[in-house]
Novice: 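Let me begin by handing over the structure; questions about it come next.
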Amino acid sequence: MIDLDMRVDAGAFRLEVRARVDADVLAVLGPSGSGKSTLLEAIAGLRRAFGTITIGGERLRDLDLDLPPERRRVGWVPQEVALFPHLDVAANVAFGARGHERQQHDAIETLELGPLLRRMPETLSGGERQRVALARALAAAPRVLLLDEPLAAVDFEHRARILPWLLRVREASGVPIIHVTHDLGEASALATHALILRAGRVHAVGPIAEAIAAAYSAIPDLALDNVLLGEVHPEGTLTLTGGARLAVPRTDPLGRATYAISADELIVATQRPVGISARNVVEARVLAVDAVDRDAIVRVSALGTELRAKLTDTAVDELALAVGVEVYLVMKTHALRRVA
Amino acid sequence: MIDDAGIVAFTLASAAAATLLIAVPGVAAGYLLARHRGKSRGAIETLLSLPLVLPPTAVGLLLLQVFRPNGAIGRALAAVGAPVVFTYRGVIVATTVMAFPLLVRSARTAFEEVDPRLLDVARTLGATRFSAFRRVALPLARRGIVAGLLLAFSRGLGEFGATILVAGNIPGETQTLSLAIFHRTQLGDDPGAMRLVLVIVVIAFVAVWATELLTRKRAR
């Protein structure tokens with residue numbers, strides 16, 4: 001349980017957050033300057049905050065208590081990653097791990113750092129640094145992980161390689177995560193809940209689907225991607241975790257993979273299309289239609305998960321899309337982008 | 001010549017003693033100045049830098065006022081058998097005061113180059129303020145600090161103005177290299193003065209070169 005009722009004053013900027021979320025992974029979304037990083041720093045005790053901060057039943061701050069950062073036990077991974085340049089990978093990971101040998105060992109295992117232990121940070125790639133920073137935070141046995149745009153410091157090519165590690169950390173560690181990002185795809189791949197910040201205020205908070213629908217109207221520059229996890233088999237077949245199959249580009253490498261398809265590229269049809277070049281046609285049922293300016297975000301249940309399609313409001317009217325309507329989703333093979 | 005050796009040894013010893021004395025407070029002051037963002041920072045920096053710009057004789061005169069034998073501090077020190085004025089302690093006091101700002105400046109610059117994010121991360125990993133300083137800031141600023149210590153030591157070797165006022169120029173007691181060079185020139189012993197000049201040139205060359213090497217490595 002993440003329970004925040006706090007205020008941070010930073011010059012002219014004021015951040016006010018009141019939220020109570022029972023989430024394994026809470027995504028914090030919002031445009032630049034909305035206070036996302038400030039929120040993490042305040043939870044970590046690196047910035048003066050007022051009010052109360054309670055994580056997993058442990059009070060980090062309230063009226064008569066203000067734990068210093070070293071006693072808050074938060075695993076903070078800043079945007080800059082900030083590995084200790086004078087220490088090798090092993091010493092970086094061990095920095096806060098005294099008395100937590102098991103967590104240290106597990107962190108090294110989970111992030112597969114064994115071959116890198118004797119390397120110095122300056123010799124690592126962006127993705128490797130990110131893994132070391134994650135392991136360093138995990139090894140200190142934190143009560144919460146605070147990830148500040150973990151993919152932002154990594155170039156696009158490596159980005160795709162970090163997401164699976166984050167998923168692994170989530171599965172293996174069981175530590176709740178607060179994950180700052182401005183990428184909806186990343187958020188929906190990892191998080192169960194989302195908190196949307198706008199100009200220092202909470203714009204929406206709750207289960208990720210509803211929060212994202214609210215975010216979409218508030219934050220136009222957010223990328224809206226649907227994320228699909230599965231395994232690629234020969235001849236370009238993606239078998240999703242739920243068992244459904246999709247055609248992906250044949251040239252894609254085999255094995256576990258994460259794909260994304262933009263909400264703009266999902267085509268919705270009320271009858272099964274025939275004689276069409278798109279290779280993927282799947283059955284779906286409308287869960288909700290959220291109006292967003294002149295557009296609509298149609299949330300459908302398909303492929304054992306929830307997907308979002310962005311349509312014009314005219315299209316929604318003409319197709320008479322409403323909750324419970326059975327539809328077909330059409331996806332071009334090449335619209336499925338492999339992201340990890 | 002035996003005289004020369006004694007002078008060189010005394011000079012090296014006083015410069016080393018002064019450097020050791022300022023090591024901890026100098027590094028601490030450099031760190032606090034680098035991390036401190038308050039309004040008082042400018043005033044403190046200026047005050048600490050004064051010995052760099054004031055005529056050394058002016059500093060010497062001020063020190064003489066502080067430690068004069070008939071003053072409160074002077075009497076107290078004499079009572080415990082450690083008078084400062086016109087003793088080797090006077091040499092160390094003068095050298096210490098003159099060398100301190102050099103160390104503080106080098107240390108401050110070195111600490112300012114340490115990414116504050118690293119210290120923040122260290123705190124979240126369970127390190128207290130002091131432990132973050134010791135385990136992260138200090139090792140990363142190490143080169144700049146050593147360079148500062150060498151610089152302070154070199155400055156100590158050549159100290160003249162403040163030393164002559166506080167400690168006088170007593171051969172075999174408070175006479176350092178630079179005092180002896182001056183003294184011998186006054187007496188017309190130019191070859192004797194030149195011998196000492198050659199010695200100090202060699203020592204200064206080694207010290208400054210070492211500083212250069214360290215700072216260049218840091219810049220790379």
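Chain naming here is simple, since letters A, B, ... match the order of the sequence lines and numbering starts at 1 in each.
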Novice: Under a 4.5 Å cutoff for heavy-atom pairs, which residue among A/Ala133, A/Ala140, A/Ala44, A/Pro85 has the most contacts with chain B?
Specialist: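 Among A/Ala133, A/Ala140, A/Ala44, A/Pro85, the one with the most close pairs to chain B is A/Pro85.
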Novice: For a quick test of reading the model, state the closest non-hydrogen atom pair linking A/Ala82 to B/Val121 and the distance between them.
Specialist: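 That closest heavy-atom pairing would be CB-CG2, 3.9 Å.
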Novice: Looking at every non-hydrogen atom in both residues, tell me the closest pair between B/Val136 and A/Phe84 and how far apart they are.
Specialist: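 In this case the closest contact between B/Val136 and A/Phe84 is CG2-CE2, 3.7 Å.
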Novice: Please look at A/Leu83 and chain B and tell me whether the side chain, the backbone, both or neither of the residue comes under 4.5 angstrom of a heavy atom of that chain.
Specialist: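 The backbone, not the side chain.
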Novice: State whether the number of non-hydrogen atoms from other residues, nucleotides or ligands found under 6.0 Å of B/Met194 atom CE is greater than 12.
Specialist: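 Counting other residues, nucleotides and ligands, CE of B/Met194 stays at 12 neighbours or fewer.
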Novice: Given that the side chain runs from C-beta out, which part of B/Ala132 has a heavy atom under 4.5 Å from chain A: side chain, backbone, both or neither?
Specialist: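 Nothing of B/Ala132, per the 4.5 Å heavy-atom cut-off to chain A.
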Novice: Listing needed: what donor-acceptor pairs below 3.5 Å join chain A with chain B?
Specialist:
residue: A/Glu41; atom: OE2; partner: B/Arg117; partner atom: NH2; Å: 2.8
residue: A/Glu70; atom: N; partner: B/Arg123; partner atom: O; Å: 3.3
residue: A/Glu70; atom: OE1; partner: B/Arg123; partner atom: NE; Å: 3.0
residue: A/Glu70; atom: OE1; partner: B/Arg123; partner atom: NH2; Å: 2.6
residue: A/Glu80; atom: OE1; partner: B/Arg117; partner atom: NE; Å: 3.3
residue: A/Glu80; atom: OE2; partner: B/Arg117; partner atom: NE; Å: 3.4
residue: A/His86; atom: NE2; partner: B/Arg135; partner atom: O; Å: 2.9
residue: A/Phe95; atom: O; partner: B/Arg135; partner atom: NH1; Å: 3.4
residue: A/Phe95; atom: O; partner: B/Arg135; partner atom: NH2; Å: 3.0

Novice: If you take all heavy atoms of B/Leu125 and A/Ala137, which pair is closest and at what distance?
Specialist: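 Closest pair (atom of B/Leu125, atom of A/Ala137, distance): CD2-CA, 4.3 Å.
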